K.L.:
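Please see the structure below; I have some questions.
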Amino acid sequence: MELFSFLRGRVQICASIWFWIVLLFMLQNSRGTASASTYLIGLGSYDITGPAADVNMMGYANSEQIASGVHFRLRARTFIVAEPQGNRVVFVNLDACMASQLVKMKVIERLKARYGNLYTENNVAISGIHTHAGPGGYLQYVVYIVTSLGFVRQSFDALVDGIEQCIIQAHENLRPGSVFVNKGQLLNTGVNRSPSAYLNNPASERNKYKYNVDTEMALLKFVDNEWGPVGSFNWFATHGTSMSRTNSLISGDNKGAAARFMEDWFEENNSGSGASPIKKEKIPRRVSNIIPSMRKKYDKLIDLAATFQSSGGRHATRLLSVVRRVRSDSRQADKPRFVSAFCQTNCGDVSPNVLGAFCTDTGLPCDFNQSTCNGKNELCYGRGPGYPDEFESTRIIGDRQFRKAVDLFNGASEQLNGKVDYRHTFKDFSKLEVTLPKQGGGNEVIKTCPAAMGFGFAAGTTDGPGAFDFRQGDNKGNAFWRLVRNVLKTPSKEQIDCQKPKPILLDTGEMKEPYDWAPSILPIQILRIGQLVILSVPGGNNSPPCIL
Ligand SMILES: *[C@@H]1O[C@H](CO)[C@@H](O)[C@H](O)[C@H]1NC(C)=O
Ligand SMILES: *[C@@H]1O[C@H](CO)[C@@H](O)[C@H](O)[C@H]1NC(C)=O
């Protein structure tokens, strides 16, 4: 099963967030003056790998997917943008399946103790890259911790500690600088994994878009007034499911890989230029830089390793040990490491398995409407570009995002200027009123209802099919599972009618024992930096940034 399949068929969210932007901002000429173009900017990065063995992984909701090692480590990456005498906003990107309200509450508690009211739930946004290969058990709602058999303290602590530390770093790195924005198209990095469901959208809406997924990448480039570029954050929609539901190694999947590629690229190919004292051939700063040429010189490698001193628990973004001691006369030694984050957006039904979905028994494409093979849902799997090697698929999809990000980074010339601002509110999504245009003129007001999972949810997706005989697009359900469901909670008639035509498998929004199974009240947050607006929904993903 796959936790984000509920956004099936919806790909263009940017348009719908205007509702919130208008509602929460009441914009009226708040664009500010174009003169104050310099902000204070600070970036940070910290390890959040967490327990790498014996913990259920978050994403596929597969209770048999238990971590047993590390493909590569996970990080939290942060930027802070502040007006010198005004507001500040913080954005944290996690190499995790999603953020968590519980984690955020704990982080804010710690930031309050350290900085007073500088960083609050209102101006700190936390987002996840949606990797399906990170440890689970850190969310507070029952649905999300069923397969991890409850709360996992170690997962939770690794996230809270890492986020706190990377915000501290970003705070300490705050210096005058500018932010640039750039956007571009990236193809062949995500496909719609429910193309038949997408066709249920009205033709008039589909005609507005060339593709059935959002192909835009938006990138922010952070430039320190003295040191030049210090980092970049970009947003692009593709699922973190290059690694499969049977993978047992902790991994940042394609976005975590892309971030590493870009940070390595910058350190190797940019930081050596200009006045920087970091000469790549003299002081290799990452194992990936030294291994290829040192493979046959093992002893030399050991000697080299011995020349590096432990940072003694201090932050790794500042150059310590060798460079600090040798170059202590140079302020450049304080230059923080380049931080590059690949953030998630409206990836609801966007799969990185771009070759399409095939049956594992026959090798033929799966049934178009139901993603089944001969009526069976368990055999239909999406294939990544490195098929059958999922590590290679992860690398290729990461590489495509990395290359696009470098293009956008090198070409970023539109500078952000104007106010830094933010809004935060809680909305009860179980009883929202929505005004819809009626066929034949006029409007009607409809109401949302508490959350519920349909039978189609249990079918999972072609990135990770569910067990048993559930089918995608099922609007009838089946008597046996209805009976099982009723043991947990029988949905009311009102709820059944409201959720129609979706048949209810689990009435999660109305299940409260031993505590809430699913959230009804969701935080909605908007960050604004000049003409850029980011909408963030903690626990889920972000909308693509909008440029006003
Ligand atoms: C740095 O540039 C060189 C030459 O273009 C390239 O071969 C190398 O892969 C680059 N390094 C990284 C880490 O991308
Ligand atoms: C999928 O379903 C639609 C609507 O029911 C139908 O018109 C179409 O023929 C089906 N396509 C395939 C390939 O089965």
Side-chain angles (χ1 to χ4, degrees), residues 8-9 45 72-73 75 77 186 191-203 205-206 212 219 221 228-232 234 252 254-274 276 278-295 337-342 349 356-359 362-377 379-380 382 391-392 394-411 454-456 459 461-462 470-477 501-503:
R8 174 145 306 141
S45 168
F72 59 86
R73 300 189 68 85
R75 295 194 81 81
R77 296 175 171 90
L186 173 57
V191 294
N192 192 313
R193 66 187 181 188
S194 298
S196 60
Y198 182 79
L199 291 175
N200 291 330
N201 290 312
E205 187 184 320
R206 281 185 278 125
N212 64 1
L219 176 136
K221 174 177 183 173
V230 286
S232 78
N234 72 70
N254 56 66
K255 284 187 181 291
R260 289 277 302 267
F261 295 155
M262 189 145 178
E263 287 172 351
D264 283 355
W265 164 78
F266 189 87
E267 296 295 341
E268 228 179 80
N269 286 336
N270 292 282
S271 60
S273 61
S276 169
I278 307 155
K279 292 283 184 283
K280 61 191 178 207
E281 60 282 4
K282 286 200 182 128
I283 305 163
R285 301 187 46 213
R286 283 170 186 267
V287 172
S288 56
N289 297 351
I290 52 177
I291 291 294
S293 58
M294 300 296 278
R295 229 172 232 149
R337 263 194 187 173
F338 189 79
V339 175
S340 177
F342 285 68
D349 237 339
F358 296 87
C359 299
T362 60
L364 297 171
C366 311
D367 172 78
F368 178 70
N369 280 330
Q370 298 204 302
S371 298
T372 50
C373 299
N374 230 334
K376 286 205 188 321
N377 134 78
L379 300 177
C380 174
F391 297 97
E392 184 60 4
T394 302
R395 187 193 66 75
I396 295 170
I397 297 294
D399 189 64
R400 288 176 186 168
Q401 290 174 79
F402 152 63
R403 283 171 200 279
K404 188 75 217 175
V406 169
D407 277 357
L408 295 175
F409 180 83
N410 288 335
F455 279 71
T461 70
T462 52
F470 294 105
R471 254 171 287 174
Q472 293 192 44
D474 184 353
N475 58 8
K476 295 191 186 64
K502 181 173 83 180

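Bear in mind that the values here come from a model prediction, so they are computed numbers and not experimental data. Because only heavy atoms are used, hydrogens play no part in the values below, and waters and symmetry mates are left out as well, while side chains stay in. Just follow the structure's listing: the first ligand is 1, and inside any ligand the first atom is 1.
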K.L.:
Calculate, to the nearest 0.5 Å, the distance between atoms CG and CZ belonging to N254 and F342 respectively.
P.N.:
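Between N254 CG and F342 CZ, I get 10.0 Å after rounding to 0.5 Å.
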K.L.:
Kindly confirm or rule out an SG-SG distance below 2.5 Å between C359 and C373.
P.N.:
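Answer is yes: C373 pairs with C359 in a disulfide.
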K.L.:
Please evaluate residues D399 and R403 with respect to the criterion salt bridge (charged side-chain N to carboxylate O under 4.0 Å, His left out), reporting the C-alpha separation (whole Å), side-chain torsions for both, the decisive distance (0.1 Å), and the verdict.
P.N.:
CA-CA 6 Å; D399 189 64; R403 283 171 200 279; 2.6 Å; yes
K.L.:
Which protein residues have a heavy atom under 4.0 Å from ligand 2?
P.N.:
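Ligand 2 pocket, heavy atoms under 4.0 Å: F368, N369.
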K.L.:
Take a 6.0 Å sphere around NZ of K376 and say whether it holds more than 12 heavy atoms from other residues, nucleotides or ligands.
P.N.:
no
K.L.:
With the side chain counted from C-beta on, respond yes when L199 and F368 share a heavy-atom pair under 4.5 Å apart, and no when they do not.
P.N.:
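A side-chain contact exists here, since the closest heavy-atom pair is under 4.5 Å.
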K.L.:
Test your reading of the structure: does D264 have an N or O sitting under 3.5 Å from an N or O of ligand 1?
P.N.:
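Between D264 and ligand 1 (N or O atoms, distance only) the closest approach is not under 3.5 Å.
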K.L.:
Can you check whether W265 has an N/O within less than 3.5 Å of an N/O in ligand 1?
P.N.:
no
K.L.:
Applying salt bridge (Lys or Arg N to Asp or Glu O under 4.0 Å) between E263 and each of R77, R75, R337, report the one that passes.
P.N.:
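Only one option passes, and that is R77.
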K.L.:
For a 4.5 angstrom cut-off between non-hydrogen side-chain atoms, does F409 reach P229?
P.N.:
yes
